[in-house]
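One structure is given below, encoded as structure tokens.
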Amino acid sequence: MAETKDILIDYVLHLADNSMILGQRNAEWCGHGPVLEQDIALTNITLDLIGEARSLYQYAAELKGGDSTEDSMAFLRDVTQYRNTLLLEQNNTDWAYTITRQFFYDVFHYYLQEALINSSDERLKEIAKKTIKESTYHVKWSSEWMIRLGDGTEVSHLKMQNALNALWEYTGEFFIPSTSEMEMQEKGIGADLNALSIKWRSKVEEILKEATLSIPESSFQQKGGKTGMHSEHMGYILADMQYMQRAYPRAEW
Amino acid sequence: MEIKLEEIFQDKIDQEIKIEPRDWMPEKYRKTLLRQISQHAHSEIVGMLPEGNWITRAPNLRRKVALLAKVQDEAGHGLYLYSAAETLGMSRDEMLEELHSGKAKYSSIFNYPTLTWADMGAIGWLVDGAAIMNQVPLCRTSYGPYARAMVRVCKEESFHQRQGYEIMLTLTKGSEAQKAMAQDALNRWWWPSISMFGPNDDNSPNSAQSMKWKIKRFSNDELRQKFVDVTVAQAELLGLTIPDKDLKWNEERGHYDFGAINWDEFFQVVAGNGPCNKQRLKARVDAWENGAWVREAATAYAEKREAKANNQIEAA
Ligand SMILES: [Fe+2]
Ligand SMILES: [Fe+2]
């Protein structure tokens with residue numbers, strides 16, 4: 001029994017860490033966006049992502065019990081305990097990378113919620129019901145930007161294609177199930193990543209076509225984030241994010 | 001003719017009738033307002049930077065979300081204000097150009113650095129607090145679009161002020177280190193905050209005209225006094241000490257007396273020599289320049305779409 005609970009916690013943390021780390025990255029843009037309206041739009045998305053992560057961390061903390069809280073989940077786990085995929089921790093680099101990273105995640109995130117709405121876990125189901133409304137908007141926003149920039153000017157097209165080429169190798173990890181994902185799928189709690197992968201691919205192809213962008217030929221895919229084998233970025237992200245909780249243990253803020 | 005128009009204009013103002021974009025207005029009224037509103041808009045977006053500095057480091061998730069939302073509100077204020085200023089005949093891009101070239105000013109307070117988390121509390125409490133003092137009367141300012149923008153802005157500012165105060169309250173109830181952090185933030189933000197109201201009345205040449213036109217309704221010194229009076233009690237409640245040895249209640253005046261502001265420092269910061277002027281301006285210019293290809297692409301794409309739609313209409 002205890003083991004099933006641990007697996008569920010691991011799964012919930014994986015879902016939470018994905019949105020948390022992307023939210024943390026996006027938050028770096030706040031005040032620096034290319035135009036005021038889009039600064040606001042990206043911050044809206046960031047607020048949704050961190051909001052979702054909080055619901056999931058709260059759930060994980062309850063499952064874990066003891067003195068766990070949403071904050072101990074987010075701020076007191078170290079790099080190798082984080083379960084987000086590598087894509088989400090990549091540098092913002094520029095607006096092209098940021099939009100492309102967002103788009104890849106949004107499509108995945110949307111279909112994931114579509115699956116989790118039917119989860120046998122009531123709590124995940126509830127969270128997914130709220131999240132899918134948000135991710136519906138996120139996909140729309142990032143798809144429009146993919147198209148606008150892909151099919152904008154020569155410069156923007158090139159920048160987008162470069163970002164796509166660089167980030168493509170981080171997309172496969174979404175669909176390579178971890179042990180906990182496999183177990184959760186078997187139990188009817190988690191999503192079927194195979195089915196999700198087909199939907200993801202077809203939506204991504206549709207949008208990229210309209211954006212006049214092409215999928216790179218190399219098929220090699222990186223993995224590791226889900227099992228704690230992160231890139232070197234991750235240590236810096238957490239150093240920044242966790243600084244206050246580490247410097248002032250057990251303080252109230 | 002001109003004199004007649006000016007009389008009608010002043011008459012409207014005296015009767016508290018709002019001036020609207022299509023109404024006749026003296027050129028100097030238009031220019032004064034344009035300068036004030038665009039400066040105000042610039043302050044909102046430059047003001048995103050010192051607080052934006054702490055979003056990735058906020059101490060817990062609740063605070064992170066609240067800070068993000070706050071900084072986003074400031075972006076929204078910038079939008080409302082740029083729109084209001086545009087009704088006076090200058091585009092947002094032109095206003096931004098003036099900001100980037102250093103021609104247009106923004107509130108000096110944002111040229112100070114945010115060093116600790118307590119600065120998020122002090123800024124909300126004091127800086128948003130001072131902004132409210134300035135802005136509540138602006139909800140009744142004579143120019144319609146500005147007044148209406150300010151109504152929306154003020155609602156959010158008072159929320160920011162309470163949020164900032166609550167951060168301070170939490171710190172002062174915390175550990176010794178947290179209390180010290182709160183006091184240090186107050187020490188650093190107090191004088192810049194009371195300078196936010198601008199020079200003393202006898203040294204504020206444009207004030208009389210702005211009062212006559214009801215752009216302003218209270219003088220700098222009146223607003224500053226009001227701010228000091230309410231803030232002293234709030235500091236006491238927090239158990240913090242305002243860093244002014246001359247601060248004391250004056251029974252006769254019914255107000256607090258306070259020490260002299262260091263106007264040399266104030267004018268140095270206005271002139272571009274504050275601790276963060278260069279960094280703040282650079283951050284804005286970088287954002288604008290790095291975003292140029294994005295804006296160009298968006299325009300090019302919109303044009304392509306329009307051309308396509310027109311072709312389809314012609315074909316049909
Ligand atoms: Fe504001
Ligand atoms: Fe504010």
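A, B, ... follow the sequence lines: proteins, then strands. Residue 1 opens every chain. Only heavy atoms go into these numbers, but all of them, side chains included; no hydrogens, no water, no symmetry mates. In this text the structure is predicted, and so the values were computed from the model without any measurement.
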Have A:Asn44 and B:Gln72 got a donor and an acceptor in their side chains that come within less than 3.5 Å?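 Yes, because at least one side-chain N or O of A:Asn44 sits under 3.5 Å from a partner of the opposite role on B:Gln72.
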
Checking B:Ala177 against chain A: side chain, backbone, both or neither under 4.5 Å from a heavy atom?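 Interface part for B:Ala177: side chain.
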
Under a 4.5 Å heavy-atom cutoff, which of [options] has the most pairs with chain A?
| options | value |
| --- | --- |
| B:Thr299, B:Ile55, B:Val294 | B:Val294 |
| B:Gln178, B:Glu296, B:Arg63 | B:Gln178 |
| B:Thr116, B:Thr170, B:Asn60, B:Leu49 | B:Asn60 |
| B:Gly174, B:Ala297, B:Gly47, B:Gly76 | B:Ala297 |

For A:Asp71, is there any backbone N or O sitting under 3.5 Å from a side-chain donor or acceptor partner on B:Arg62?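 Answer holds: no.
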
With distance as the sole test, does A:Gln24 use its side chain to make a donor-acceptor pair with the main-chain N or O of B:Thr56 at under 3.5 Å? yes

Thinking salt bridges, do B:Arg295 and A:Glu37 make one under a 4.0 Å N-O criterion? no

Using side-chain heavy atoms (C-beta onward) and a distance below 4.5 Å, is [X] in contact with [Y]?
| X | Y | answer |
| --- | --- | --- |
| A:Asp39 | B:Met48 | yes |
| A:Thr43 | B:Leu68 | yes |
| A:Trp253 | B:Ile167 | no |
| A:His32 | B:Asp286 | no |
| A:Gln242 | B:Arg57 | no |

Within 6.0 Å of [atom1] in [X], more than 12 heavy atoms from elsewhere:
| X | atom1 | answer |
| --- | --- | --- |
| B:Lys179 | NZ | yes |
| A:Tyr137 | OH | yes |
| B:Lys173 | NZ | no |
| A:Arg246 | CZ | yes |
| B:Asn311 | CG | yes |

Which portion of [X] sits near chain B, non-hydrogen atoms under 4.5 angstrom:
| X | result |
| --- | --- |
| A:Trp29 | neither |
| A:Ile147 | both |
| A:Ala96 | both |
| A:Asp240 | both |

Working to the nearest 0.5 Å, report the span between CG of A:Asp151 and NZ of B:Lys304. 4.0 Å

Spacing of A:Cys30 atom SG and B:Glu51 atom CD [to the nearest 0.5 Å]: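 Spacing of SG (A:Cys30) from CD (B:Glu51) equals 10.0 Å.
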
So A:Val35 and B:Arg92, side-chain contact (heavy atoms from CB on, under 4.5 Å) or not? Walk me through it. CA-CA 11 Å; A:Val35 66; B:Arg92 196 205 301 180; 4.1 Å; yes

With side-chain contact (heavy atoms from CB on, under 4.5 Å) as the criterion, how do A:Thr153 and B:Tyr301 come out once you've worked through the C-alpha distance, each side chain's angles and the decisive distance to 0.1 Å? CA-CA 7 Å; A:Thr153 61; B:Tyr301 178 74; over 6 Å; no

Counting heavy-atom pairs under 4.5 angstrom with chain B, the leader among A:Pro34, A:Ser156, A:Gly31 is A:Pro34

Option in A:Glu70, A:Met20, A:Gln245, A:Arg148 with maximal non-hydrogen atom pairs under 4.5 Å from chain B: A:Arg148

Step by step, work out the side-chain contact (heavy atoms from CB on, under 4.5 Å) result for B:Ile45 and A:Leu36. CA-CA 9 Å; B:Ile45 60 161; A:Leu36 212 41; 3.7 Å; yes

